Participant: 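If you scroll down you'll find the structure; I have some questions about it.
Computation of the quantities below employed the complete heavy-atom set of this structure, encompassing side-chain atoms and omitting hydrogens, waters and symmetry-equivalent molecules. Given the structure is predicted, the values throughout are model-derived calculations rather than measurements. Just so we're on the same page: letters track the sequence lines, and every chain starts at 1.
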Protein chains: 2
Amino acid sequence: MGSVGFWLGTRRMRQLRKEELHELVTERLQRLDRRFTGGRRAIVELLIDAGHPVTIRDIGEMRPGLARSSVYRNLVDLEQAGVVRRIAVDDEFSRYELAEDLTEHHHHLLCVKCGKVIDMASPAPLERELDQAVREVSKAEGFLVASHRVDVLGVCASCRSAGYG
Amino acid sequence: MGSVGFWLGTRRMRQLRKEELHELVTERLQRLDRRFTGGRRAIVELLIDAGHPVTIRDIGEMRPGLARSSVYRNLVDLEQAGVVRRIAVDDEFSRYELAEDLTEHHHHLLCVKCGKVIDMASPAPLERELDQAVREVSKAEGFLVASHRVDVLGVCASCRSAGYG
DNA sequence: CTACTTGCAAATGCTTTGCAGGAGA
DNA sequence: TCTCCTGCAAAGCATTTGCAAGTAG
């Protein structure tokens, strides 16, 4: 709801009803001879509900029924199927979120104190600049560009009020 | 050397002679009651010479004399002293580079096939957009912005000629 | 029925730590 | 000489894998 082009916090789901999403996920998994089982469904639902990147630990706590090893294996499969995306935050554990084409292109605010990750939309002017810059690079370097990401590092509101920064 | 604002590959050192750099590093370590020992010197020199982010493995191979554990410990100290910076690349190991205030503000091209990281300067218009966007965010969220980073994901020239995408 | 899945436990591999001897100032 | 540093080996810990039983289609 940023006034000038940004919106923050829980990301809105692209106009996909849950049934459509499930159909889509099922299809993507089937391409790899994988099934949309209960465990995988639980993970996808959790990611939808969370609306922001979550850690394996988060998943374990919110879905105690699932074995850790299955969560790991499922995330690998879901990532290969293009359903989820793994993101790296410095010195933290891996975090996962739904793939961008199931939600919307966005970037992240990273709290360097507590590790929280907040979603953030990207203003069109910024994206235009990025695309142009990226185009130049691909030409100059022979680098085939697939995507980009922007992370803003800082201290989140709750850590600030807790005495930091 | 990019023709339109980007330059690629080995980053140029800010106008700091090696002596100055050593002085600076020594001073920053001293603030933490740490010494600029041979092992730490070796790591810093290696990072200067590399001119791009390196992994712990790289360091181990290029400086076989240093014990792994010392490399880890030294990198922690050097990072705390603000001499090096740790960067996260998806599913890869940690990589380290010299802190930006010892070099120049820049971003990264990440090869998703081989994990290579290529330094890339950022055009002024892009930085302006980023700064503006970032300013909005900080206001809207109560998020205290410290810095930002941009990663471009894709396939590097050598992986492309090796048969990928 | 035939593959894919799961849970459990063991293994893997990067990273961290304890400790005793070595080195910087 | 008082700390900090280093190497070695052992410990930690997130992640991966082997295997036998469960389950989707």
Participant: Compare side-chain N and O positions of Ser69(A) against OP1 and OP2 of dC8(C) and report whether any pair is under 4.0 Å apart.
Facilitator: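 No, no such contact exists.
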Participant: State, with a plain yes or no, whether a side-chain heavy atom of Thr55(B) is found less than 4.5 Å away from one of Tyr96(B).
Facilitator: no
Participant: Grab the CG-P distance between Asp77(B) and dT6(D) for me, whole Å please.
Facilitator: 9 Å
Participant: Figure out the CG/C1' separation between Leu75(B) and dC5(D), and round it to whole Å.
Facilitator: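 From Leu75(B) CG to dC5(D) C1': 15 Å.
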Participant: Between the side-chain atoms of Arg57(B) and the base atoms of dG13(C), is any donor-acceptor pair under 3.5 Å?
Facilitator: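 Looking at the base of dG13(C), it does not pair with any donor or acceptor on the side chain of Arg57(B) (distance under 3.5 Å).
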Participant: Could you work out which one of dT6(D), dT15(C), dT6(C) sits closest to the side chain of Asn74(A)?
Facilitator: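 Given the options dT6(D), dT15(C), dT6(C), the side chain of Asn74(A) is closest to dT6(C).
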Participant: Would you indicate what Gly65(B) reaches in the nucleic acid, counting non-hydrogen atoms under 4.0 angstrom: base, sugar-phosphate, or nothing?
Facilitator: sugar-phosphate
Participant: For Tyr72(B) and dG18(C), give me the distance from atom OH to atom C1', rounded to whole Å.
Facilitator: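 Going from OH in Tyr72(B) over to C1' in dG18(C) covers 18 Å.
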Participant: Would you sort out whether Arg85(B) and Glu79(B) count as a salt bridge (charged side-chain N to carboxylate O under 4.0 Å, His left out), showing the intermediate values?
Facilitator: CA-CA 6 Å; Arg85(B) 179 169 73 148; Glu79(B) 187 176 22; over 6 Å; no
Participant: Nearest whole angstrom, please: distance from the C1' of dT15(D) to the CD1 of Ile59(A).
Facilitator: 14 Å
Participant: Side chain of Arg68(B), base of dG13(C): donor and acceptor closer than 3.5 Å?
Facilitator: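 Side chain to base: no pair present.
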Participant: Which nucleotide wins on minimum distance to the side chain of Ser70(A), given the candidates dG7(C), dT5(C), dG7(D)?
Facilitator: dG7(C)
Participant: To the nearest angstrom, how far is Gln30(A) atom CD from dA24(D) atom C1'?
Facilitator: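 Roughly 11 Å, once rounded to whole Å.
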Participant: Rounded to whole angstrom units, what separation is found between the CZ atom of Phe36(A) and the C1' atom of dT5(C)?
Facilitator: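 Computing the Phe36(A):CZ to dT5(C):C1' distance gives 14 Å.
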Participant: Quick check for you: among dG7(D), dG7(C), dT6(D), whose closest atom lies nearest to any side-chain atom of Thr37(B)?
Facilitator: dT6(D)
Participant: For a quick check of understanding: with a heavy-atom distance under 4.0 Å over all strands, which category does Gly39(B) fall into, base, sugar-phosphate or nothing?
Facilitator: sugar-phosphate
Participant: Please tell me which of Arg35(B) and Leu66(A) maps to the more 5' nucleotide of DNA chain C, matching each residue to the nucleotide holding its nearest heavy atom.
Facilitator: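 Its nucleotide being nearer the 5' end, the pick is Leu66(A).
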Participant: Do His148(B) and His105(B) have ring centres separated by under 6.0 Å?
Facilitator: yes
Participant: Quick one: are Arg149(A) and His108(A) in side-chain contact, heavy atoms under 4.5 Å?
Facilitator: no
Participant: Could you check if a side-chain atom of Glu141(A) sits within less than 4.5 angstrom of a side-chain atom of Met120(B), using non-hydrogen atoms only?
Facilitator: no
Participant: I want to check one thing: is the phosphate of dT6(D), taken as OP1 and OP2, less than 4.0 Å away from some side-chain N or O of Arg73(B)?
Facilitator: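 Result: no.
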Participant: Rounding to a whole Å, what distance do you find between Glu79(A):CD and dT15(D):P?
Facilitator: 13 Å
Participant: Arg40(B) has an atom CZ; how far is it from atom C1' of dT6(D), in whole Å?
Facilitator: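 Taking atom C1' of dT6(D) as the reference, CZ of Arg40(B) is at 10 Å.
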